[in-house]
Amino acid sequence: MNEKNNSLSEEELTEIRLEMVERQIVRRNVKDKAVLEAMRKVPRHLFVPQHYLPSAYDDGPLPIGYEQTISQPYVVASMTEELQLTPQSRVLEIGTGCGYQTAVLAEIAREVCTIEIIPQLADSARKLLENLGYGNLHFQTGDGSQGWPDKAPFDGIIVTAAAPRIPEILVTQLKFSGRMVIPVERGYYGSQDLLLLVKDIDGVKETNLYPVRFVPLQNKE
Ligand code: SAH
C-alpha cells in the first residue's frame, strides 16, 4: 500500500463512493432505486488491485490483470438498470472478472449465476464475494459464450465482454419478457455498441443503447 491508500479510512472511502454515485450515476440519469442503493453499498475499492485503490471510484475502467478490466461505475449501473431486476430475478452474468458487477447484481436479484474464463480471476472473485457474505451466487469457471443451460431460463443476462455478434444460444436461455445487455462489435475494429435485447412472444426487440469499449469475449467454438 502506498501513502495515499493508508490515508484513506473506511469512512472516507464511503464518502467518496457516495459522491461517485451522485456525480457519475445520478447526474447521468440512472433512476432505479435498487441500482443506486447497490452502487452506494458495494465497496468497489475492494475489487480493484491494491495499487489502484486511490482510483477505485474514478469515472473510468481500471486494469484488473490478465489484460482485463473492471468496467466504469456508470456502465455497471446503467447495464444493471437496463435489466430491470426485481428481488425475484434470476440473472446470468458472462465475464465475472473481479466480481464487482456480480456484487451489484447480487444486491438486487434473487440469484446470480456467473461464468469466468480466466481461472485466477474466477478464484479471486469467488473468494472475495464469499468473504463479503453473498449467498445467492453460483460460479462457473470456463467459457460462458454458450451460457448455462442447466440454470436457464433467466430473467436477465449480462455479458461484460464484447461479442462479434449476438449469440443466439444466449437468447434461447432468456425467459419471455427477459432482458439481455451485451456489447457487440460493429463494423470496423474497436467499435462496439451496447445492445439491449428484450424477448417476447413475437420475437426479440433490439435497442442500441450507446457506444462502448469492452475487452473481447473469448470464444472457444
Ligand atoms: N464485470 C467484470 C468485467 C470484466 S472484463 C468486472 O467488472 O470486473 C470481462 C471479463 O470477461 C474478463 O474477466 C474476461 O476474462 C471474461 N471473459 C471473456 N470471455 C469470456 C468467456 N467466453 N466466458 C467467460 N468469461 C469471459
Side-chain angles (χ1 to χ4, degrees), residues 1-82 93-108 112 114 116-134 137 139 158-162 181 183 190 192 194 209-217:
M1 281 227 232
N2 65 29
E3 267 175 48
K4 204 172 167 190
N5 297 355
N6 286 331
S7 69
L8 289 172
S9 66
E10 279 304 312
E11 287 74 21
E12 285 167 322
L13 286 161
T14 301
E15 204 173 298
I16 296 170
R17 182 164 64 251
L18 297 180
E19 197 181 300
M20 174 277 278
V21 174
E22 289 311 308
R23 281 208 198 157
Q24 300 177 29
I25 299 183
V26 173
R27 248 188 234 176
R28 290 185 185 130
N29 258 329
V30 172
K31 292 191 162 51
D32 185 316
K33 288 208 165 56
V35 174
L36 295 175
E37 205 175 302
M39 297 297 295
R40 289 189 179 108
K41 186 168 168 201
V42 178
R44 181 172 165 97
H45 61 277
L46 299 182
F47 291 84
V48 303
Q50 228 171 40
H51 55 281
Y52 285 114
L53 189 143
S55 312
Y57 295 100
D58 288 1
D59 194 8
L62 289 171
I64 54 170
Y66 311 95
E67 297 177 2
Q68 307 304 320
T69 53
I70 175 174
S71 303
Q72 180 186 8
Y74 169 73
V75 172
V76 171
S78 121
M79 286 175 83
T80 310
E81 182 174 55
E82 293 295 346
E93 177 189 44
I94 297 162
T96 319
C98 68
Y100 174 68
Q101 170 81 70
T102 321
V104 171
L105 297 168
E107 288 287 339
I108 304 168
V112 182
T114 184
E116 170 56 50
I117 203 166
I118 299 176
Q120 294 90 333
L121 288 174
D123 289 348
S124 61
R126 182 186 193 133
K127 279 195 193 110
L128 176 55
L129 290 162
E130 285 177 353
N131 281 340
L132 289 172
Y134 291 105
L137 301 175
F139 298 90
I158 177 168
V159 184
T160 67
V181 279
Q192 304 163 3
L194 184 63
L209 298 174
Y210 49 84
V212 283
R213 213 163 228 284
F214 277 82
V215 296
L217 184 72

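These numbers were taken from a predicted model, which means no experiment stands behind them. The basis for the numbers below is simple: all heavy atoms, side chains too, and nothing from hydrogens, waters or symmetry mates.
The OH atom of Tyr74 lies 13.5 Å from the CE atom of Met20; values are rounded to the nearest 0.5 Å. Between the CD atom in Glu82 and the CG atom in Leu209 there is a gap of 4.5 Å [rounded to 0.5 Å]. Atom CG of Leu128 is separated from atom CG of Asp123 by 12.5 Å, given to the nearest 0.5 angstrom. In this structure, CD1 in Ile70 is found 9.5 Å from CD in Gln101, a value given to the nearest 0.5 Å. Interatomic distance, CG of Leu53 versus CG of Leu46, reported as 8.0 Å (0.5 Å rounding).
For the pair Ala56 and Val48, the tightest heavy-atom approach, listed with the atom from each and the gap, is CB-CG2, 3.9 Å. Between Ala103 and Val42, the shortest heavy-atom contact is CB-CG1, 3.7 Å. Heavy-atom minimum distance, Ser55 versus Leu62: O-CD1, 3.6 Å. Shown here for Glu81 and Asn29, the closest heavy-atom pair between the two residues is OE1-O, 4.2 Å.
Residues Leu129 and Phe139 are in side-chain contact: their nearest non-hydrogen atoms beyond the backbone lie under 4.5 Å apart. Side-chain contact between Met39 and Val76: present, with at least one pair of heavy atoms (C-beta onward) separated by less than 4.5 Å. No side-chain heavy atom of Leu121 sits under 4.5 Å from any side-chain heavy atom of Cys98. Side-chain contact between Tyr100 and Ile64 is absent, with no heavy-atom pair separated by less than 4.5 Å. For the pair Ile25 and Pro73, the minimum side-chain heavy-atom distance is below 4.5 Å. Between His45 and Ile16, every side-chain heavy-atom pair lies at or beyond the 4.5 Å cut-off. No side-chain heavy atom of Ile117 sits under 4.5 Å from any side-chain heavy atom of Tyr66. Looking only at side-chain heavy atoms (C-beta outward), Phe47 and Leu132 come within less than 4.5 Å of each other.
The side chain to side chain contact (heavy atoms under 4.5 Å, CB included) test with Thr80 is passed by exactly one of Val30, Asp32, Val35: Val35.
Remark: the backbone N or O of Ala122 is not paired with any side-chain donor or acceptor of Glu116 at under 3.5 angstrom. In terms of modelled atom types and a separation under 3.5 Å, the side chain of Gln192 and the main chain of Phe214 share a donor-acceptor contact. Between the side chain of Gln68 and the backbone N or O of Gly97, no donor-acceptor pair lies under 3.5 Å. A donor-acceptor distance shorter than 3.5 angstrom exists from the side chain of Thr160 to the backbone of Gly95, with no hydrogens or angles considered.
Within 6.0 Å of atom CD in Glu12, more than 12 heavy atoms from other residues, nucleotides or ligands are found, so the atom counts as buried in its surroundings. Within a 6.0 Å sphere centred on CZ of Arg28, heavy atoms belonging to other residues, nucleotides or ligands number more than 12. Open room surrounds CD on Glu37; 12 or fewer heavy atoms of other groups in view lie less than 6.0 Å from it. Within a 6.0 Å radius of CD in Glu22, other residues, nucleotides and ligands contribute more than 12 heavy atoms.
When only modelled atom types and interatomic distance are considered, Tyr57 and Arg17 share a side-chain donor-acceptor pair under 3.5 Å. For the residue pair Ser78/Tyr210, the side-chain donor-acceptor check at 3.5 Å is satisfied.
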- [ ] Tell me, with the steps shown, if Leu36 and Val26 meet side chain to side chain contact (heavy atoms under 4.5 Å, CB included).
- [x] CA-CA 8 Å; Leu36 295 175; Val26 173; 3.9 Å; yes
